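Computed from a predicted model, the values in this text were never measured in an experiment. Atoms within each ligand, like the ligands themselves, are counted from 1 in listed order. Excluded from the calculations below are hydrogen atoms, water molecules and symmetry mates; all remaining heavy atoms, backbone and side chain alike, are included.
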Amino acid sequence: MVKNLICCFFVSIISILLFHHLNIYSINNSRVNYSTFLSDVNNDNIIKIQINDKKVEVTKKDMTKYITYIPFHDPQLLHSLLEKNVIIAGPVPQASNFLISTLSSIFPGFLSTIMWFFLTKIISNSNGQGALFFGKSKAKMLSNSKINITFSDIAGCKEAKEDVSEIVEYLKEPGRFQKLGGKIPKGILMVGPPGTGKTLLAKAIAGEANVPFFTISGSDFVEMFVGVGASRVRDMFENARRYAPCIIFIDEIDAVGKQRGTSVGNNHDEREQTLNQILVEMDGFKVNTGIILIAATNRPDVLDPALLRPGRFDRQVVVSLPDLLGREEILKIHMRKVSVANDVIPIVIARSTPGFSGADLANLVNESALLAARCHKIAITMLEFEISKDKIIMGSERRSIVMTEHQKESTAYHESGHAIVGRLVPSHDPLHKVTIIPRGQALGITLFLPTNDIDVLVTHRQKLEGQIATLYGGRLAEEIIYGSDKVSTGASNDIRIATDLARKMVTQWGFSDKLGPILYMNEDKEFFLEKSGSQLKRFSDKTIQIIDEEVKSIIEINCQRAKKILNENIDILHAMKDALIKYETINLLQIDDLMSRKTVREPEGWNLR
Ligand code: ADP
Ligand code: ZN
């Protein structure tokens, strides 16, 4: 949309410039002084003149033109002109002169108006809003009649629901609270990973309290034209004041609310002005005006501290990823809307989806429903849930990719390498399945799934080092089998993740003995600034060098560990490769057989093929 606006802007400017040019050309006959004109007359250079009061338009014999002005009454001139047979013409009739000049001055404006009209038409069609909304609030208002979401539509965030239930009471009866003089927070910051239901919860507050709900995203504020964001904020609050009690919901507040003076780039002035306006508005409204401002972010660490001061977003509600029972509840909520076969047991699905957000689970139910419909089933069975789950976790199968025999074999060795190291390092997440059917960007996948929810949230050093060793297991298996000069590029993603883990261990989690538990780098992989006196300064080159060395050493140690494991179990490596080439996907039971050096059983239903 911004692009459209700019384009519109430029078209108008160009059309105006163009017509200015035309205007200039139409009177572009250069101006010449009177004595030159007289000498031209005397030298018989002139063919025609057109006199309009004191202004004379002169046409020379070579057909060039110029203009001159008669500075004084010159009775001699007429004589000379007649003598040289110069054609003398009077003024051009006023009417046509007037018409041309009027048209030429109106036309550009007219043209740009038309263009503006059509372009804004296009723009407004594209987002369903009226034309000319510069600075007009883009906040969408969902009135109370439209919000039929209640707390019963949300699960897996019990604490968050309890935290905000007080707000619902207040919005229902602001008067009661005002009389008692109780203070209700004006601003609530919802913090949590994407898709955990922050928007849903804000809507449910409005739905429960039956009040209007205004919503805007932080990224909507960040526009090209300075001042637009700030005026949008003003508009939105003005609107909200009229509809109070109500809720204003700002999604992705980090887009505008980043710490001031930290970012570089085109938009930061605009962002800061918008942020300032939000702060001004928040300070402006009294505690009990009946407007509750709710903002959502998954990056509370980057927010400007000014936003979090008392009287602003001083209440934080954490909306975290759902735990096992939460996932079961969320699945049940979304299964209410579709028909599900009897064999589907929500808790079983919940158990195999640790780390899934509410949005992921909603997506899982939806994908399964689509798949069942595609297979002409009348209800979704467990099979559809299994397939959709794999698709969400690992990406769609891409059986259309044709792999050569060698690619298949090297992929099988690579994935087996991951699997074997993952099974043999201490405290690794359990192995779930291994496959050499390409999915998403990967030619093969080794899937580990954490068993409990705590593992998703916190982890420890031993486990991290095990993960790093496992990540290098793939590449090392290729190296052991084919030699280091034949290793494929397929491990680039493994290397990226492993390096990232090692770097975090050193710079964020304090696992380096040399550097100690100090934060050196933020989530955006920028070096953290060290405070020295009142100044912020970068860490010294020496420190950065030690960080690099520590990262390298963690990786080296774990690579050696993985190599040792693979060399000691090279027979399992060959056997697993064979199993993968035969079955393409091997499950947990088959992996167990392989690891205990038994003959690999066939997967269920294999002989029916
Ligand atoms: P967020 O704002 O935290 O990114 P949303 O509220 O936009 O997440 O969630 C997107 C969708 O995912 C919701 O519309 C809903 O269908 C589903 N969802 C997310 N969290 C939950 C939850 N806790 N309970 C039920 N459904 C959820
Ligand atoms: Zn790999």
Side-chain angles (χ1 to χ4, degrees), residues 147-161 164 189-207 213 215 217-218 249-254 294-299 317-323 325-338 346 350 356-366 392 394 410-422 434-436 438-448 467-479 487-498 562:
I147 293 183
N148 40 21
I149 292 167
T150 65
F151 284 159
S152 66
D153 295 306
I154 308 171
C157 46
K158 216 165 139 216
E159 291 92 348
K161 274 204 283 197
V164 297
L189 187 65
M190 289 193 181
V191 179
T196 44
K198 298 181 290 296
T199 312
L200 202 63
L201 189 58
K203 276 189 191 156
I205 298 171
F213 182 79
T215 168
S217 170
F249 178 68
I250 306 179
D251 204 0
E252 299 173 56
I253 185 128
D254 40 291
I294 302 177
T297 182
N298 54 351
R299 297 292 311 275
V317 172
V318 178
V319 188
S320 37
L321 286 172
D323 60 9
L325 295 180
R327 290 197 297 276
E328 186 194 13
E329 289 299 310
I330 295 173
L331 282 167
K332 282 182 181 165
I333 287 174
H334 291 282
M335 284 178 185
R336 288 199 300 236
K337 301 162 206 159
V338 293
F356 270 44
S357 68
D360 292 333
L361 293 166
N363 186 21
L364 173 60
V365 174
N366 187 46
I392 291 172
M394 308 188 281
S410 69
T411 307
Y413 274 123
H414 180 105
E415 299 309 326
S416 303
H418 285 311
I420 294 166
V421 177
V434 184
T435 176
I436 54 165
R439 278 174 181 274
Q441 294 298 309
L443 289 183
I445 285 171
T446 307
L447 182 64
F448 297 91
Q467 274 173 7
I468 293 173
T470 305
L471 281 160
Y472 283 106
R475 180 193 164 94
L476 289 167
E478 286 184 58
E479 198 179 304
V487 171
S488 74
T489 54
S492 62
N493 201 39
D494 301 333
I495 294 174
R496 187 179 55 76
I497 299 170

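Contacts of H334 with ligand 1, taken as heavy-atom pairs under 4.0 Å, involve the side chain alone. With a heavy-atom cut-off of 4.0 Å, A359 touches ligand 1 through backbone and side chain alike.
Looking only at heavy atoms of the protein, atom 2 (O) of ligand 1 is closest to T199 OG1, 2.5 Å. What sits closest to atom 4 (O) of ligand 1 on the protein, heavy atoms only, is G195 N, 2.8 Å. Shortest contact from atom 8 (O) of ligand 1 to any protein heavy atom: G197 N, 3.2 Å. Of the protein's non-hydrogen atoms, D153 O, 3.4 Å is the one closest to atom 25 (C) of ligand 1. At the shortest separation from atom 23 (N) of ligand 1 among protein heavy atoms lies A155 O, 2.7 Å. In terms of protein heavy atoms, atom 21 (C) of ligand 1 is closest to G358 CA, 3.8 Å.
Interface atoms of ligand 1 facing I330, defined by a heavy-atom separation under 4.0 Å, are 22 (C), 23 (N), 24 (N), 25 (C).
K198 places a side-chain N or O within donor-acceptor distance of the main-chain N or O of G192, the cut-off being under 3.5 Å. No side-chain donor-acceptor contact under 3.5 Å links K203 to the backbone of N148.
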Side chain to side chain contact (heavy atoms under 4.5 Å, CB included) between E415 and T435, worked out: CA-CA 8 Å; E415 299 309 326; T435 176; over 6 Å; no
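Between I392 and F356 the shortest side-chain heavy-atom distance falls below 4.5 Å. Looking at V421 and Y472, their side chains never come closer than 4.5 Å, going by heavy atoms from C-beta outward. Counting only heavy atoms from C-beta outward, the side chains of L443 and H414 never approach each other to under 4.5 Å.
The option with the heavy atom closest to atom 15 (C) of ligand 1, from among T196, L200, D251, is L200.
The atom of H418 that is an N, O or S and sits closest to the Zn ion (ligand 2) is NE2. As for D494, its N/O/S atom nearest the Zn ion (ligand 2) is the one called OD2.
In the model, S217 has a side-chain atom that pairs as donor or acceptor with a side-chain atom of E252 under 3.5 Å.
Between R327 and D360 there is no salt bridge, since none of the side-chain N atoms of the basic residue sits less than 4.0 Å from a carboxylate O of the acidic one.
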